[in-house]
K.L.:
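Let me give you the structure first, and then I'll get to my questions.
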2 protein chains.
Amino acid sequence: MQSAANPPIRSARAREIVAAGRELLEAEGPAGLSMRRIADRLGIRAPSLYKHVRDKGELEAALISDGFLEAAERFEAAGSLTALGEAYRGFALAHPHLYRLMFQGPLPRERLVPGAEQRAAAPVIAAVGGDPDRARAVFAFAHGMVVLELDDRFPPGADLDAAWARGLSSLAP
Amino acid sequence: MQSAANPPIRSARAREIVAAGRELLEAEGPAGLSMRRIADRLGIRAPSLYKHVRDKGELEAALISDGFLEAAERFEAAGSLTALGEAYRGFALAHPHLYRLMFQGPLPRERLVPGAEQRAAAPVIAAVGGDPDRARAVFAFAHGMVVLELDDRFPPGADLDAAWARGLSSLAP
DNA sequence: GTCTATACCCGGATAGAC
DNA sequence: GTCTATCCGGGTATAGAC
């Protein structure tokens, strides 16, 4: 829940700041996502950002919320567990730095758009027939596959399509 | 392979530095693992460390190699896929920051003790009967479960034992 | 709403004296 | 082998003028 002390980002300028942050994050990774770099990109000075955004955490929360809602759209369009796996992997590979911001490290749930996280999770639960244990196992498998691929932890020749197929067919209800 | 330009850490003082780094990492996480903090703990100044260790990366590589060898010992003692899952989760929960250093982000393979990574991986491959696709799926599942648990990504009431059981029984050969 | 100036942290790493 | 002095970089955030 968002309190009056945590107003969501609404002003046009604030949205521009979030957009600049998104571009920097996607292009350069977390190191590019600094208040100074965002200000540079907008042609202003870093302290000016604080007239529009409370702190960096608010900005990250906005990026994460946007990410969950975008991912949810892709996940909802998938008609099978296999298609959902492809959508999941596709989202992560298309937006690796955003994916990490969304799924690695602590999640600032109080600052997110309400329901965004749940909307992204729902298609996974539905795809396994509603069993929460199975849904968690599938989520863990997909997340593990994606982060290990992003971090180059599999051997060079590894057939990741085959590993995905093996995992999802085993975990399907 | 390690070249003469990448000599492994051998001197007694260097091992003390690595030990101090290990203690700081485990106690305070990656933020505690700085050259200044390590020097403080040893009662010397940070620049003195560089007489014993080439740079921070060499130190991290030593920590990672130690971690793989310790994990390998635990994994080798497991007699079934279920026991291996317990050993894996147990290691990660006992050493969360070391686990992340070992398994998150790029792995400096050229600086590791040769064979350490492979020794930790071998029991997983053996436990699934040698099928590499299945081994990768199990690895991804286990890694996903562990990092999601460490990052508190599962709902408060989630039965993680059940999710582990569901995943491993599905993925078993 | 933007600016300058500044405060406060932190980090890795090197040179050269002893 | 340790020291001091120093260099470089980075970051978030605030105060107060315009």
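Reminder, nothing fancy here: chain letters follow the sequence lines and each chain counts from 1.
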K.L.:
How about Phe141(B) and His143(A): are their ring centres within less than 6.0 Å of each other?
P.N.:
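Ring-ring flag for Phe141(B)/His143(A): false, centres at least 6.0 Å apart.
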
K.L.:
One thing to verify: whether Asp151(A) and Arg100(A) come together as a salt bridge, which I'm taking to mean a side-chain N less than 4.0 angstrom from a carboxylate O.
P.N.:
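Result for this pair is yes, salt bridge flagged.
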
K.L.:
Can we say Glu16(B) and Arg13(B) salt-bridge, meaning some charged N sits less than 4.0 Å from an Asp/Glu carboxylate O?
P.N.:
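Looking at Glu16(B) and Arg13(B), the cut-off is met.
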
K.L.:
Nearest to the side chain of Tyr50(B), heavy atoms from C-beta on, is which of dG1(D), dT12(D), dT14(C)?
P.N.:
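The answer is dT14(C), which lies nearest to the side chain.
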
K.L.:
To the nearest angstrom, how far is Arg37(A) atom CZ from dG10(D) atom P?
P.N.:
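Answer to the nearest Å: 10 Å.
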
K.L.:
Could you check if a side-chain atom of Phe103(A) sits within less than 4.5 angstrom of a side-chain atom of Phe139(A), using non-hydrogen atoms only?
P.N.:
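Phe103(A) vs Phe139(A): side chains touch.
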
K.L.:
Rounded to whole angstroms, how far apart are CG on Leu49(B) and P on dT2(D)?
P.N.:
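So the two atoms are 9 Å apart, to the nearest Å.
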
K.L.:
Could you check whether any side-chain heavy atom of Phe68(B) comes within less than 4.5 Å of a side-chain heavy atom of Leu107(B), counting everything from C-beta outward?
P.N.:
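Yes - at least one pair of side-chain heavy atoms lies under 4.5 Å apart.
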
K.L.:
Nearest whole angstrom, please: distance from the C1' of dT14(C) to the NZ of Lys56(B).
P.N.:
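Spelled out: NZ on Lys56(B) to C1' on dT14(C) is 18 Å.
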
K.L.:
Take the protein atom CE of Met35(B) and the nucleotide atom P of dG12(C), then report the distance between them rounded to whole Å.
P.N.:
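Computing the Met35(B):CE to dG12(C):P distance gives 7 Å.
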
K.L.:
Given dA13(C), dG12(C), dG1(D), identify the nucleotide with an atom nearest to the side chain of Asp55(B).
P.N.:
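Looking only at heavy atoms from C-beta outward on Asp55(B), the closest nucleotide is dA13(C).
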
K.L.:
Within the side chain of Ser169(A), is there an N or O that forms a donor-acceptor pair under 3.5 Å with the backbone of Arg166(A)?
P.N.:
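Yes; judged by distance alone, with no hydrogens or angles, the pair exists.
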
K.L.:
List every contact pair, protein side and nucleotides 3-6 of chain C side both N or O, where the distance is under 3.5 Å.
P.N.:
unit_1, atom_1, unit_2, atom_2, d
dC3(C), OP2, Arg45(A), N, 2.6
dC3(C), OP2, Ser48(A), OG, 3.1
dT4(C), OP2, Arg45(A), NE, 3.2

K.L.:
Is any side-chain N of the basic residue among Glu70(A) and Arg22(A) closer than 4.0 Å to the acidic one's carboxylate O?
P.N.:
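Answer for the salt bridge query: yes.
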
K.L.:
Between residues 15-31 of chain A and DNA chain C, which residues have a heavy-atom gap below 4.0 Å?
P.N.:
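Going residue by residue through residues 15-31 of chain A, none turns out to have a heavy atom under 4.0 Å of DNA chain C.
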
K.L.:
Between Arg111(B) and Asp55(B), does any NZ, NE, NH1 or NH2 come within less than 4.0 Å of an OD or OE carboxylate oxygen?
P.N.:
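Yes, this pair counts.
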
K.L.:
When you check the phosphate oxygens OP1 and OP2 of dT2(C), does a side-chain N or O of Arg13(A) lie under 4.0 Å from one of them?
P.N.:
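Answer yes for this pair, as a side-chain N or O of Arg13(A) is under 4.0 Å from OP1 or OP2.
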
